[in-house]
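First up is the structure itself, then whatever we jot down about it.
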Protein chains: 2
Amino acid sequence: MEKQTVTIYDVAREAAVSMATVSRVVNGNPNVKPATRKKVLEVIDRLDYRPNAVARGLASKKTTTVGVIIPDVTNEYFASLARGIDDIAMMYKYNIILTNSDENGGKEVQVLNTLMAKQVDGIIFMGNQVTPELRDEFKRSKAPIVLAGSVDAEKSQPSVNIDYVAAVAEAVKNLIDHGNQKIAFVSGPMDEAINHDYRLKGYKKALKDAGLSYDDKLIFETDYTYKAGQALEPALMAAGATAAFVGDDELAAGVMNGLTDANVDVPGEFEVITSNDTKLTELVRPKMSSITQPLYDIGAVAMRLLTKLMNNEAVDENTVILPYGLMKRSSTK
Amino acid sequence: MEKQTVTIYDVAREAAVSMATVSRVVNGNPNVKPATRKKVLEVIDRLDYRPNAVARGLASKKTTTVGVIIPDVTNEYFASLARGIDDIAMMYKYNIILTNSDENGGKEVQVLNTLMAKQVDGIIFMGNQVTPELRDEFKRSKAPIVLAGSVDAEKSQPSVNIDYVAAVAEAVKNLIDHGNQKIAFVSGPMDEAINHDYRLKGYKKALKDAGLSYDDKLIFETDYTYKAGQALEPALMAAGATAAFVGDDELAAGVMNGLTDANVDVPGEFEVITSNDTKLTELVRPKMSSITQPLYDIGAVAMRLLTKLMNNEAVDENTVILPYGLMKRSSTK
DNA sequence: CTTTGATGTGAAAGCGTTTTCACACTTGCG
DNA sequence: CGCAAGTGTGAAAACGCTTTCACATCAAAG
């Protein structure tokens, strides 16, 4: 009752040719006489032969599979990147092994190792923090690795991103231009490079450019959840802030709803601008103004870059920076 | 410069034992003298040997990889299931090959085939429609397949779901109990079994139980997008509906915001209840009442069921039904 | 005709494991 | 002391494919 598997050998026998020839027609090698090709193809069809990708992988040392490490699929931002990655991967006939890392360094290292054991041809890493241990593992890998929507302070790997510093600076400048003097900076954990090394830098730059002084009390470090944002309202008010830049959309939705629920008018009394321009920004009321990022494209371009790396094609630039924008909706004046 | 790979053979030579023995210690086979085991382990460590999963897969005919077919990772509902799937998979040492199908029958069949070519040990399918072609492919598979959060009218495969008919009936009854006589049924494509065979059935049941008559004009078939929902407002009003059951959260958010933007008070003048209880329900204002589903668990249980199937363990019930609930928030009275 | 350079094909050696089978050694027991 | 019943180990055969290399074959060129 166990389903029988048809091998390349069966096809060869039935078609009265060698395995090598069958392999050639399966792989589209042109060195096969049309008549032979036809004969083989017929047998393949008749026997319903399907090449075994595992055997293929072992023999050719290519698995046409790439590993993708994602903090959490449930997060709109990363899910959007993942979608871009998968589409391009499919276009180039690669499959994706997807694993959630929860931004947990230990798990990341472990996952990376199993991906390498599975002989993936390449890896795309998403995550806000590249620990030294992780960097070491990266170096050990013989499969190329590219970072998508994720920064590594040391730029040890190819990556595709937007210019976070400039984007945040522009967003904050916008708030300043509206007359806000006390602008809160709300972000996830500060030990993540993206927060302390990029976003905060942009924030400070905007302040400095406008001649405003930096105040610790306006920095709110929390985690990336709706609830956390919602709970921030009293603190925000106490600090006298009249606007906030927020590093994550779900968090921002929380901040905004927290304010609104406490009868603080957004944007009248308090302006909010967020970072990722996910669908979410359109669903909440007021709709949120946001830095816009080409989410899907970040993933797509990362994957495209990876395909080049896997084929040893020349790439002009290892670090690609995609354009960002600013979308004014109703959470700012 | 190409990184050298250490094979089981290298380890065997260095440790002065046979490959078989190395294989045994790597696989935790007890038939190895402790002294030998220790010796081998040391060499493994020294050489930094990592077993090649592809070779392993070929020899053992097990890849410890399962395929997951998902309509779109970007969809909160399915992403939540996927998260449950991945967690349990990881717990049982499986990896996930994830592919987006866009609910496109052709793509689904194709994807299924490449998964089978990759010799996955099992498959989890998510999608609202199991076409006959797909069902045929399922039958052809030697890897077990389970449906997660997805129905097949013919129950041809193991699956885990909630009782959609009862859930929808209860939700609609709730609306009826609030005095609504004209309740709209808003769903995605009606050719999907989940809509015409389950949700609609539940809707009709509730109507019938309450002695209300069914009216075609209150059925709104559209696609699962925010925009589509938003655009529905005029039609809803024209039909004289005073409440709606909606089959998808994003769609529901659209419906609700469309109403609100047209100055229809929700829930005062119009009640809305949705289906999936994703995070989204809490982000919009008013918060949406919803059928609650154990999203993560549906994925988790499906994966757990699959592990049993893959190990040929006995399973008492192929079709598992998880409990649902009703969460009253502010979009209903 | 011969020579030459494609062009088409097959034999066989891997790829890095697992697994079967046989065999040598220990034990414990009557 | 002899024997049955484990233990522990190694040789070698798969697993299903790709790829190298050598060898035919054949058409065109001399």
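So that the names make sense, note that chain A is the first sequence line, chain B the second, and so on, each numbered from 1. Below, all heavy atoms of this structure are taken into account, side chains as well, without hydrogens, waters or symmetry copies.
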### Message
Measuring from atom CG of A:Leu147 to atom CG of A:Asn318, what distance do you get when rounded to the nearest 0.5 angstrom?
### Response
10.5 Å
### Summary
Taken in chain and number order and not counting sequence neighbours, the residues that satisfy side-chain hydrogen bond (donor to acceptor under 3.5 Å, both in side chains) with A:Asn27 are A:Ser23, A:Arg56
### Message
Taking the axis from the first five pairs and the axis from the last five, what angle separates them in the helix from C:dC1-D:dG30 to C:dG30-D:dC1, rounded to 10 degrees?
### Response
40°
Might you list the N or O atoms of the protein lying below 3.5 Å from N or O atoms in nucleotides 24-26 of chain C, with each pair's distance?
none

### Message
Test: salt bridge (Lys or Arg N to Asp or Glu O under 4.0 Å). Region: residues 147-157 of chain A. Which pairs qualify, not counting sequence neighbours?
### Response
A:Arg135-A:Asp152, A:Arg135-A:Glu154
### Message
Under a 3.5 Å threshold, yes or no: a donor from one side chain and an acceptor from the other, between B:Lys118 and A:Thr65?
### Response
yes
### Message
The criterion is side-chain contact (heavy atoms from CB on, under 4.5 Å); which residues satisfy it with B:Tyr9, sequence neighbours excluded?
### Response
B:Thr7, B:Arg13, B:Met19
#### Entry: Salt bridge present between A:Arg50 and A:Asp48 (N-O < 4.0 angstrom)
yes
### Query
salt bridge (Lys or Arg N to Asp or Glu O under 4.0 Å): which pairs involve residues 64-77 of chain B, sequence neighbours left out?
A:Arg83-B:Asp72
### Message
Taking only side-chain N and O atoms of A:Lys61, does any of them lie within less than 4.0 angstrom of OP1 or OP2 on C:dG16?
### Response
yes
### Message
If we ignore hydrogens and angles and just use 3.5 Å, is the side chain of B:Asp102 paired with the main-chain N or O of B:Asn104 as donor and acceptor?
### Response
no
### Message
Going by side-chain contact (heavy atoms from CB on, under 4.5 Å), A:Ile123 matches just one of A:Val66, A:Leu112, A:Val146. Which one?
### Response
A:Leu112
## Note on the structure
Separation between CG (B:Asp10) and CD1 (B:Ile44), nearest 0.5 Å, reads 11.5 Å
### Task
Not counting sequence neighbours, which residues clear salt bridge (charged side-chain N to carboxylate O under 4.0 Å, His left out) with B:Asp45? List them please.
none
#### Entry: Of residues 6-18 of chain B, the positions that come close to DNA chain C - non-hydrogen atoms, cut-off under 4.0 Å
B:Thr7, B:Ile8
### Task
Go through the side-chain N and O atoms of A:Tyr224 and A:Asn75 and say whether any donor and acceptor fall under 3.5 Å apart.
no
### Value in whole Å for how far the C1' atom of C:dG14 lies from CG of A:Leu58
9 Å
### Query
What salt bridge (Lys or Arg N to Asp or Glu O under 4.0 Å) pairs are there with at least one residue in residues 17-41 of chain B, not counting sequence neighbours?
B:Lys38-B:Glu42
### Message
Please list, in numerical order, the residues of residues 22-38 of chain A that have a heavy atom closer than 4.0 Å to any atom of DNA chain D.
### Response
A:Ser23, A:Arg24, A:Asn27
### Message
So, taking the atom named CD in A:Glu137 and the one named CZ in A:Phe125, what distance separates them when rounded to the nearest 0.5 Å?
### Response
11.5 Å
### Query
Please, which pairs that meet salt bridge (Lys or Arg N to Asp or Glu O under 4.0 Å) have at least one residue in residues 57-68 of chain A, sequence neighbours excluded?
none
### Query
On DNA chain D, which is the earliest and which the latest nucleotide, 5' to 3', with an atom closer than 4.0 Å to a heavy atom of chain B?
D:dG8 to D:dG16
